[in-house]
Asks: 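I'd like to ask you about the structure that follows.
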Amino acid sequence: MRRAILLLLPLACGMAAAQAPGPQLGRLFASPEQRAQLDAQRYGPPPADPALALPPPPLPPPPTPPMELNGVVQRSSGRSTVWLNQTPQTEPYNQLGHDRSGATGTLTLRLSTGQVVLLKPGQRYDPATGSVSEAPEGQP
């Protein structure tokens, strides 16, 4: 009988423990704001709403290509035609004048910045560097 009581004793204790209510943990976080704050710390800020996102900044304008004076034709009537980047430009779009040495056939370009550039046939103006140089041979 003693043996039976020893065998039943653990079983009875286990049943009593199962019937007794355990400690309640309750709510771990007091509010949804605190849970959101912990989630933000753990996972980073929530993704931005695409409807509220700012549009990307506009792209800068492409660089202005170099301008090359390919040739000049002055007629005896005083009218002239110049070839700028292989495109003929007739009056009044060209202004031919004299350079500092007095040579004729110099083209005066007025840029959108207000700067004035003088080009002789065969010269190229590069707006990126602001320099005038001799155009390379053999290029169209």
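Remember, predicted model here, so these are calculated numbers, not experimental data.
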Asks: Keeping Asn85 on the side-chain end and Thr87 on the backbone end, is there a donor-acceptor pair under 3.5 Å?
Replies: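 Not confirmed, Asn85 side chain does not pair with Thr87 backbone.
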Asks: Which heavy-atom pair separates Pro121 from Gly71 by the least distance, and what is that distance?
Replies: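 What the structure gives for the nearest pair is CB-CA, 4.5 Å.
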Asks: Does the side chain of Glu134 come within less than 4.5 Å of Gln123's, by heavy atoms?
Replies: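 When only atoms from C-beta onward are counted, Glu134 and Gln123 do touch, with a gap below 4.5 Å.
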Asks: As an exercise, state the distance from CG of Leu84 to CG of Asn70, rounded to the nearest 0.5 Å.
Replies: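 Taking CG in Leu84 and CG in Asn70, the distance rounds to 7.5 Å.
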Asks: Mind checking what makes side chain to side chain donor-acceptor pair (under 3.5 Å) contact with Ser131, not counting sequence neighbours?
Replies: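 Ser131 satisfies side chain to side chain donor-acceptor pair (under 3.5 Å) with Thr129 once adjacent residues are dropped.
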Asks: Which atom names give the shortest non-hydrogen contact between Val116 and Thr108, and what distance separates them?
Replies: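 Looking at all heavy atoms of both residues, the shortest contact is CG1-CG2, 3.5 Å.
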Asks: Run the side chain to side chain contact (heavy atoms under 4.5 Å, CB included) test on Leu107 and Val72 for me, step by step, so that the C-alpha distance in whole Å, both residues' side-chain angles and the decisive distance to 0.1 Å come before the verdict.
Replies: CA-CA 9 Å; Leu107 178 67; Val72 175; 5.8 Å; no
Asks: Does any part of the side chain of Leu69, heavy atoms only, come nearer than 4.5 Å to the side chain of Tyr125, both counted from C-beta?
Replies: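 When only atoms from C-beta onward are counted, Leu69 and Tyr125 do not touch, as no gap falls below 4.5 Å.
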